[in-house]
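What follows is a single structure, written as structure tokens, with notes after it.
In this text the structure is predicted, and so the values were computed from the model without any measurement.
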Amino acid sequence: RASEMPKKESGDPRRPGDIKTCVWKIPEDPTDYISLLAIVFSVCGFLLKYRVFAWQAVVCAIVQLANMKTVEVDYKQLLSSCGIACLSLIMAYFGPSAALYQ
């Protein structure tokens, strides 16, 4: 079996001319924090019936719409954040208040 193994060559088998440095490309973070804030504020406005949260959700939805790039348009996310923000605003003003049930 020793005759089957390749003989060790003298010298360094590595080739320093073929060494390439690794350049890491950090991908841009696709997370849209304004959309997340719009959804969180709208859920808080919807459940807690606070108008301030509902207005903050509408402002975040408008900011998201204004800062959106045409290349990375996600219509479902845009529609959900704007729709839920508007619904929370409607529920904050026209929905049943907690004072009616006490």
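For Ser81 against Gln64, the heavy-atom pair with the smallest separation is OG-OE1, 2.7 Å. Contact detail for Ala57 and Ser88: the closest heavy-atom pair is CB-OG, 4.5 Å. Counting all heavy atoms, side chain and backbone alike, Ile34 lies closest to Cys60 at CG2-O, 3.0 Å.
Membership of an apolar cluster is not assigned to Val23, as no side-chain contact below 4.5 Å to another ILVMFWY residue is traced.
No option in Val58, Ile84, Leu89 other than Ile84 meets the side chain to side chain contact (heavy atoms under 4.5 Å, CB included) test with Ser42.
By the rule that hydrophobic residues join a cluster once side-chain heavy atoms approach within less than 4.5 Å of another member, Val59 and Leu65 end up as members of separate clusters. Cluster annotation: Met68 is connected to Tyr75 through the hydrophobic network of ILVMFWY side chains, with a link wherever side-chain heavy atoms come within less than 4.5 Å. Residues Leu37 and Tyr50 share a hydrophobic cluster, clusters being chains of Ile/Leu/Val/Met/Phe/Trp/Tyr side chains in contact below 4.5 Å. Note on Val43 and Leu87: separate hydrophobic clusters, where clusters join Ile, Leu, Val, Met, Phe, Trp and Tyr whose side-chain heavy atoms are under 4.5 Å apart, directly or indirectly.
The CZ atom of Phe41 sits 10.0 Å away from the CG atom of Leu36 when rounded to the nearest 0.5 Å. For the atom pair OH of Tyr93 and NZ of Lys49, the computed distance is 14.5 Å after rounding to the nearest 0.5 Å.
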